[in-house]
Amino acid sequence: MSISKFSSTYARLGAASAALLAPVVAFAQDAAAPAAAAAAPAMTVDKGDNTWMMISTVLVLLMTIPGLALFYGGLVRAKNMLSVLMQVFMITAVVMIIWVTYGYSLAFTDGGSLNSFVGGFSKAFLAGVDTTTLSETFTKGVAIPELTYVCFQMTFACITPALIVGAFAERIKFSAVMLFVVLWVTFVYFPMAHMVWFWGGPSSYTSPSGLIFSYGALDFAGGTVVHINAGIAGLIGAIMLGKRTGYKKEIMAPHSMTLTMVGASLLWVGWFGFNAGSNLEANAYASLAMINTFVATAAAAVSWCLVENFTRGKASMLGAASGAVAGLVAVTPAAGFAGPMGSIVLGLIVSPVCYFFVDVVKNKFNYDDSLDVFGVHCVGGILGAIGTGILVNPALGGAGIVDYSTADFAASYPGTATQVFAQLKGVLTTIAWSGIGSFILYKIVDVVIGLRVSVEAEREGLDLATHGEAAYHS
């Protein structure tokens, strides 16, 4: 997902609000830049690549609305169904506007002295981005229209904060959700996307990159940026808001497993855009990401049901859906790096681990992660990120790591210890950045408008209390 941008403009500070968003310094272009630009290879754009990326972008939107919205909506009680749909829908709309205003620029431009952590404002309001500008793919000299890349990455920015709401569903103020999301994408998500995915691209691979990318950590489609990031933020939020009224005293079963199954299925379909689209080209690596997304998910669904059958005596639809999502999460960072057999192993392993956190750890520590965002997304993301460092090994059927310093872009592997250590550094950096940042932002929101609805509103249900309408009428 890392790319280089080929229509450099003089860096500028954003609007007056930019000072409140990030302490980014605008830098003038180096005097040698025009000469370097002239020496850059001519970019080739293939209509097939662009078509695939536009389709992938729409598939990722499908993951969010309606996929994630229905998956989460079915898991809450009927009186809160519409509130979850509303939160996911409006997060998507708000983040789209923020993304084109300054988010894309903070994530995917050079941040000067702060480049290890965040970009700058040179492309705020999409300045300099038009129908002629290009973004390089993972093949030297091959590009897609930059507008296509802006849209593709925009859908990632939308679904990530939407994942968080499952952790504190049924008890948070709608206004608090929206304010938190605006702050969170600005100070947590955009810097994380920059740290993991910003680099010079094949044509200028030695250019300064984001911090986690510089570790040598691999994240094909968002194990750190999306899942660990959102999972930690969800756990912090669930703890800070406290348990739902009546937690463990009242029945809080999902009100519609039918809708949850539909949502999980839409997530699986949309995830092909998420994973295979992250290759940025319609080539064999996209096919590798596609088959891995099939088999890892299938293995994880089977694995979760087997664990349930051994521990509870029955396999459930909820377990099958949870296992499928856990498999999708785990294979996300590995999608274009692992081989199909390695992805099956990853899927088989992730479900028992996530099940343990959902069924044992959550009860042991007695936190109310309503829809198991931490147990599935964060834990699954961590396992997938670390597993990627092992499964990318060509000896295990992996694709290897492309060395752009060689004439033929040969695939290599630095060794299990080296690569796993790089992956661990990426994981720990993500946990620290998201955990600390999210805690601060929740505190700010709580002081400004308060996080939690009243007990009366919670008893009535957020559909009526917050939105004045109901998902169902009997």
Side-chain angles (χ1 to χ4, degrees), residues 1-14 18 21-22 24-27 29 33 37 40 43 50 53 56-57 60 95-138 142-160 185-214 217 219-222 224-226 229 274 277-281 433:
M1 204 125 21
S2 335
I3 24 199
S4 68
K5 306 295 183 244
F6 290 92
S7 70
S8 298
T9 60
Y10 285 101
R12 66 192 71 168
L13 288 175
L21 303 175
V24 181
V25 181
F27 286 88
Q29 285 181 309
M43 292 292 119
N50 192 43
M53 290 310 301
S56 294
T57 300
V60 180
V95 173
M96 283 182 180
I97 303 302
I98 296 173
W99 179 252
V100 297
T101 303
Y102 61 84
Y104 174 69
S105 189
L106 288 180
F108 292 105
T109 65
D110 193 319
S113 61
L114 294 175
N115 188 63
S116 290
F117 302 99
V118 70
F121 289 102
S122 60
K123 293 189 178 181
F125 302 98
L126 298 187
V129 180
D130 57 33
T131 56
T132 67
T133 57
L134 304 174
S135 295
E136 193 173 26
T137 67
F138 296 106
V142 177
I144 58 175
E146 189 172 9
L147 285 170
T148 300
Y149 188 71
V150 170
C151 291
F152 182 65
Q153 281 289 353
M154 179 173 66
T155 57
F156 279 63
C158 291
I159 195 171
T160 305
V185 294
T186 301
F187 292 104
V188 178
Y189 180 81
F190 300 151
M192 275 301 311
H194 181 89
M195 284 189 272
V196 174
W197 287 328
F198 182 77
W199 68 308
S203 294
S204 51
Y205 64 93
T206 58
S207 298
S209 62
L211 179 66
I212 295 176
F213 189 92
S214 71
D219 188 350
F220 194 77
T224 52
V225 180
V226 178
N229 198 10
F274 203 71
S278 290
N279 186 62
L280 304 182
E281 300 171 68
W433 186 274

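Basis for what follows: all heavy atoms, side chains included, without hydrogens, waters or symmetry-related copies.
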Between the CG atom in L280 and the CD atom in E136, the distance rounded to the nearest 0.5 Å is 10.5 Å
Worksheet item: Is the W197 ring parallel, tilted or perpendicular to the F108 ring (thresholds 30°, 60°)?
Response: parallel
Check whether any side-chain heavy atom of N50 sits under 4.5 Å from a side-chain heavy atom of P145, and report yes or no. yes
T101 vs F125 side-chain heavy atoms within contact, under 4.5 Å
yes
Checklist line | Audit row: L134, Y149, side chain to side chain contact (heavy atoms under 4.5 Å, CB included) steps and yes/no | finding: CA-CA 9 Å; L134 304 174; Y149 188 71; over 6 Å; no
Heavy atoms of S122 and S105 approach each other most closely as N-OG, 3.3 Å
message = Within the structure provided, determine whether F121 and Y102 are in side-chain contact (heavy-atom separation under 4.5 Å).
response = yes
The reported gap from OG1 in T133 to NZ in K123 (rounded to nearest 0.5 angstrom) is 6.0 Å
Closest non-hydrogen atoms of F138 and E281, given as atom of the first, atom of the second and distance, are N-OE2, 3.5 Å
field: 4.5 Å side-chain heavy-atom contact, F190 and V118
entry: no
Take the angle between the ring planes of H194 and F198 and call it parallel below 30°, perpendicular above 60°, tilted in between. parallel
Using side-chain heavy atoms (C-beta onward) and a distance below 4.5 Å, is F274 in contact with T155?
no
Separation between OG1 (T109) and CG (N115), nearest 0.5 Å, reads 8.0 Å
Flag side-chain contact, heavy atom, 4.5 Å: V225 against M195:
no
The reported gap from CG in L106 to OH in Y189 (rounded to nearest 0.5 angstrom) is 12.5 Å
Side chains of S203 and M43, heavy atoms from C-beta outward: is any pair under 4.5 Å? yes
Rounded to the nearest 0.5 Å, the CE atom of M96 sits from the SG atom of C151 at a distance of 8.5 Å
So CD of E146 and OG1 of T131: to nearest 0.5 Å the spacing works out to 11.5 Å
Is there side-chain contact between F152 and I144, with at least one heavy-atom pair below 4.5 Å? no
